[in-house]
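Below: one structure, written as structure tokens.
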Amino acid sequence: MSERVYVHVDCDCFYAQCEELRDDNLTRVPLGITQKYLIVTCNYKARARGVTKLMSISDAVQKCPELVLVDGSDLTPYKAVSDRIMDLLHVYGNVKRLGCDEMFVDVTDEVKRRLGNATPARVMSVVGHVWAPGKDSCVRQDSIHRVMDLRAMNNNKEEHRTSRHRPDISEELMEKATTQELFVGADVASDMRRVVMATTKIRMSAGIATSQIMAKLVSGLYKPNDQTILLPDFAKDFLASLNVRVIQGVGSVLSQKLAAYNIINVCDIWTWSREKLVDTFGEKQGTFLYLASQGRDPVDSLIVADSGEPKTISLEDSMRICSGFKEAKTLLDKLSPDLVYRIHAHYQKYGKLPATLTVTYRLKEAGLHERHACSTTMPKRLGAIEVSATALSVLETKLHEPFHLSLLNIAAKNFQHAPSHSIQLKTSHDGLIKSKRELRMARESHSRQDNEEDDTSFWRDLNDVDTSLARPLGLTTTKSNKRLATAQRKKITSFFKKKE
Ligand code: TTP
Ligand code: MG
């Protein structure tokens, strides 16, 4: 096979489905999952009533007064379901997790196996949809907050449920080996979705393509609970009129840079040669832009077998405002003990220590997605005081008072094998932690307000909204959140136990 076959899966209204597992009654009502004053997601019944992801609770309740709200601030049950799905997908190929509810699977070998060594007999029946330019090919942005969430314009039409969207594909294209391989890939995707559904009761949508970039873009076209193939010959047709932000890896900073050169839509990149892109944006970014604009992945994007070892450990806190180095220090002092604790746990499991400490911050006046990162060498003595002080000094090289931050993140990266004597675990004030219990207590006392980061996630951006706004609407208090979280955890655990 000359091309790889990738499947991108994305769970439908993920947190809402997890809550529906917890309480079956929720499947019958429009449901919104809340964090602070926002609806982070809602089930499709609520969506049909005009509620959207990231809508404020007050707007959502206005649109749909019967909306049932469930607090989703404890991610534990969602992570448990997500891990379970990951485990199930490994059977089909190497898996890369992209976020809590989305994963890429390289199904090339599975497709090869299904096709056998013989020349593939022509696959006649195709599972799901096939995107092709022409009538019915228009796509729209599903949410004003998320350019990359694309839906087919004809998605809402009732007929798409009964008659699949099968554009006319030329005989020549049908005969192509890649087309046939993608059709088999669609079979694999369908099996995955069926197995995940049978085991976890979670519905997913999927995209099938020869690049990860395109598989992700088409996977939501016919959400919920459906799948779409994109043939490489149509990649440029699909991308042409889309905003550059739809490309995974083009964030707000890069898109602003591109806008300065009048590059707004993907087709604008085509007017530039690869050389010009490299000259202007550097080797790595220029090549990435060139390939991505053709629907191709970056050169180093092969999904390797997952050792389960995290590449980064990070913690962050968001706040209404943090002005000046004194306040930044207080925050870093709060985050560092937990980071050190996690580095220690990582060391015990993998025998590796991080060589790099990265501090990321967001300026209050900047947009939600605009972050700045600065890195330095991890201090040799790995105590919370040392980590905090090092993080502060690197921040001092970047910022000048007065400044106002709305988010601060510290991350340990670049893990390397290290001898045992090179780690010394300390809390910020008690000196060395001796017992496991002390370790746990130190961790708990420092991590209560922190938010663990999922590397590719933007979810953390919700943390800078003010919880007090949620209270008048009758949302749960921290104490009852905790009770709810415990109940959720129990339910999810018992759900999986029952399945086993
Ligand atoms: P998404 O996949 O974007 O949303 P979804 O799965 O709820 O809905 P869809 O059917 O459109 O895929 O995100 C996955 C989960 O992540 C979602 O259930 C809730 C959470 N989330 C946040 O916490 N913050 C956010 O800003 C978004 C968009 C999602
Ligand atoms: Mg999803």
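Start at 1 and go down the list; that is how both ligands and their atoms are numbered. Nothing here was measured: the structure is a model prediction, and the numbers come from that model.
Inspection of the Arg296 and Ser211 side chains reveals no N or O donor paired with an N or O acceptor under 3.5 Å.
Aromatic ring pairs are classed by plane angle as parallel below 30°, tilted from 30° to 60° and perpendicular above 60°; the pair Tyr78 and Tyr15 is parallel. Aromatic ring orientation, Tyr222 versus His129: parallel (interplanar angle below 30°, classes split at 30° and 60°).
Take the N/O/S atoms of Asp10: the one nearest the Mg ion (ligand 2) is OD1. Within Asp101, the N/O/S atom positioned nearest the Mg ion (ligand 2) carries the name OD2.
A side-chain hydrogen bond (donor to acceptor under 3.5 Å, both in side chains) with His8 is found for exactly one of Gln248, Glu102, Lys96, namely Glu102. When each of Lys53, Arg151, Lys223 is checked for a salt bridge (Lys or Arg N to Asp or Glu O under 4.0 Å) with Asp142, only Arg151 meets the rule. When each of Gln17, Glu19, Arg47 is paired with Thr41, the side-chain hydrogen bond (donor to acceptor under 3.5 Å, both in side chains) condition holds for Arg47 and for no other.
With rounding to the nearest 0.5 angstrom, the CZ atom of Phe288 is 10.5 Å from the OG atom of Ser301.
At least one heavy atom of Cys11 sits closer than 4.0 Å to an atom of ligand 1.
Of the listed residues (Lys223, Met148, Arg47), the one carrying the non-hydrogen atom nearest atom 8 (O) of ligand 1 is Arg47.
The distance from the Mg ion (ligand 2) to the nearest N/O/S atom of Cys11 is under 2.8 Å. Here Glu102 does not reach the Mg ion (ligand 2): none of its N/O/S atoms is less than 2.8 Å from the metal.
Considering backbone and side-chain N/O atoms, Cys13 comes within less than 3.5 Å of an N/O atom of ligand 1. In terms of polar-atom proximity, defined here as any N/O pair under 3.5 Å, Lys53 does make such a contact with ligand 1.
Proximity to Tyr44 (heavy-atom distance under 4.0 Å) selects the following atoms of ligand 1: 9 (P), 10 (O), 11 (O). Short contacts between ligand 1 and Phe14, defined as distances under 4.0 Å to a heavy atom of the residue, involve ligand atoms 5 (P), 6 (O), 7 (O), 18 (O). The distance from ligand 1 to the heavy atoms of Arg151 drops below 4.0 Å at these ligand atoms: 11 (O). Heavy-atom proximity to Asp10, at under 4.0 Å, picks out these atoms of ligand 1: 2 (O), 12 (O). Listed by number with element, the atoms of ligand 1 under 4.0 angstrom from any heavy atom of Leu54 are 25 (C), 26 (O).
Taking 4.0 Å as the cut-off between side-chain N and carboxylate O, Asp191 and Arg193 do not count as a salt-bridged pair. Taking 4.0 Å as the cut-off between side-chain N and carboxylate O, Lys201 and Glu20 do not count as a salt-bridged pair.
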